[in-house]
Structures are given as C-alpha cells and as structure tokens.
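Below is one structure; the comments refer to it alone.
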Amino acid sequence: MVNGRLDSAGLLIVWLRRKYVKLKGCFIKFCCNYEIFYLVCAFFSYLFPNGILLLFNTWAHSINLTKIASTKPPMFIDFFIGFISIFVFSYITGAIFTGIYNAVVKRIG
C-alpha cells in the first residue's frame, strides 16, 4: 500500500487471495493452446518445409538447423506421435502450474 492505496503488487495479492485454479480448467487451456500451435506449425511445415526451417534458423541463434533437418517427407504417424506427446506435455505443464499457483495462493491468503 502506498498512501492508503493499493499499488500493483497489492492488487495482485488481493486478486490471488480470491482465486484458486482447478486442474481440469488449467489443463484444457494449456492443451488447447499447445495443440493449436502444434497444428498450425505442422500445417505450415508440411506446406513450406524450407520456409519453416529458415524461420526456426532465425530463432535458434548461432545454430545451423539445416544440418540436422530431416529430408524425409512427413508421415502421418510422426504427426500423430507429436500430437499425443504435446497433449501429455500440456497435461504435465498444467498440473505443475496449477500446483505452484495454488500453493502461492494458499500461502498468501
């Protein structure tokens, strides 16, 4: 509090005291976001494999991804395994986030 008013950290603490996150809702949001990103990325990498490789080369500083890029065409099984692994990863990420967030809320509140 500053001069009887809440500053931004105070507002965050007041907001955190009222909110608990449920695992199911958090998991669905994480899963939807990751899966949508995965589908968009898979779609564009299928249509423009060289363009996606150039894009990821700009993201990976001082690493030449063309040396490790696959030359085989993408198969449906690769897409399916990636889709399932992203699903599992998003569940684990959502569970970890929910646990940490609720622990912080419980400690503050």
Side-chain angles (χ1 to χ4, degrees):
M1 277 196 159
V2 179
N3 295 333
R5 294 182 3 210
L6 289 173
D7 56 354
S8 60
L11 286 175
L12 178 64
I13 290 172
V14 169
W15 183 77
L16 282 174
R17 284 186 180 155
R18 299 179 318 164
K19 301 277 185 177
Y20 277 96
V21 176
K22 294 180 182 172
L23 178 60
K24 184 178 179 182
C26 188
F27 159 69
I28 290 171
K29 290 173 185 157
F30 271 80
C31 184
C32 288
N33 287 329
Y34 285 129
E35 293 294 347
I36 289 170
F37 181 75
Y38 179 77
L39 290 173
V40 169
C41 185
F43 176 74
F44 282 113
S45 65
Y46 184 74
L47 290 181
F48 311 108
N50 294 332
I52 292 295
L53 187 59
L54 291 173
L55 175 68
F56 286 141
N57 264 336
T58 62
W59 290 358
H61 306 290
S62 68
I63 298 174
N64 187 3
L65 296 176
T66 56
K67 305 255 186 216
I68 59 172
S70 176
T71 56
K72 69 176 183 130
M75 304 293 287
F76 180 75
I77 191 70
D78 298 332
F79 167 78
F80 184 73
I81 290 171
F83 192 82
I84 296 300
S85 64
I86 291 293
F87 184 83
V88 170
F89 174 75
S90 63
Y91 181 81
I92 293 169
T93 305
I96 291 170
F97 175 80
T98 303
I100 292 171
Y101 184 87
N102 287 339
V104 168
V105 170
K106 186 186 288 185
R107 189 161 193 210
I108 290 175

Practice task
Just grab all the side chain to side chain donor-acceptor pair (under 3.5 Å) pairs involving residues 72-97, residues at least two apart or on different chains.
Solution key: Lys72-Asp78
Exercise for the section: Go through the structure and list residues passing ring-ring contact (aromatic ring centres under 6.0 Å, His included) with Phe43, not counting sequence neighbours. Expected result: none
Completion exercise
On a heavy-atom basis, the closest approach of Ile63 and Asn57 is O-OD1, 3.4 Å
Problem - Partners meeting salt bridge (Lys or Arg N to Asp or Glu O under 4.0 Å) with Lys67 (sequence neighbours left out) - result: none
Fill in the blank from the handout: So CZ of Phe30 and CD1 of Ile96: to nearest 0.5 Å the spacing works out to 9.5 Å
Fill in the blank from the handout: Note: with side-chain heavy atoms under 4.5 Å as the link, the other cluster members for Ile77 come out as Met75, Ile81
Exercise for the section: Decide whether Leu54 and Leu65 are clustered together by the hydrophobic rule: side chain heavy atoms of Ile, Leu, Val, Met, Phe, Trp, Tyr closer than 4.5 Å, transitively. Expected result: no
Handout entry: Between CZ on residue Phe83 and CD1 on residue Ile86, distance to nearest 0.5 Å
Key = 9.5 Å
Exercise for the section: Could you tell me the separation between the CZ atom of Phe56 and the CD1 atom of Ile52, rounded to the nearest 0.5 Å? Expected result: 5.5 Å
Taking distance alone, no hydrogens or angles, what donor-acceptor pairs closer than 3.5 Å link side-chain atoms of residues 31-41 to residues at least two apart or in another chain?
| unit_1 | atom_1 | unit_2 | atom_2 | d |
| --- | --- | --- | --- | --- |
| Asn33 | ND2 | Lys29 | O | 3.1 |
| Glu35 | OE2 | Phe87 | N | 3.0 |
| Tyr38 | OH | Phe79 | O | 3.1 |

Practice task
Would you list the pairs meeting side chain to side chain donor-acceptor pair (under 3.5 Å) in which at least one residue belongs to residues 41-56, sequence neighbours left out?
Solution key: none
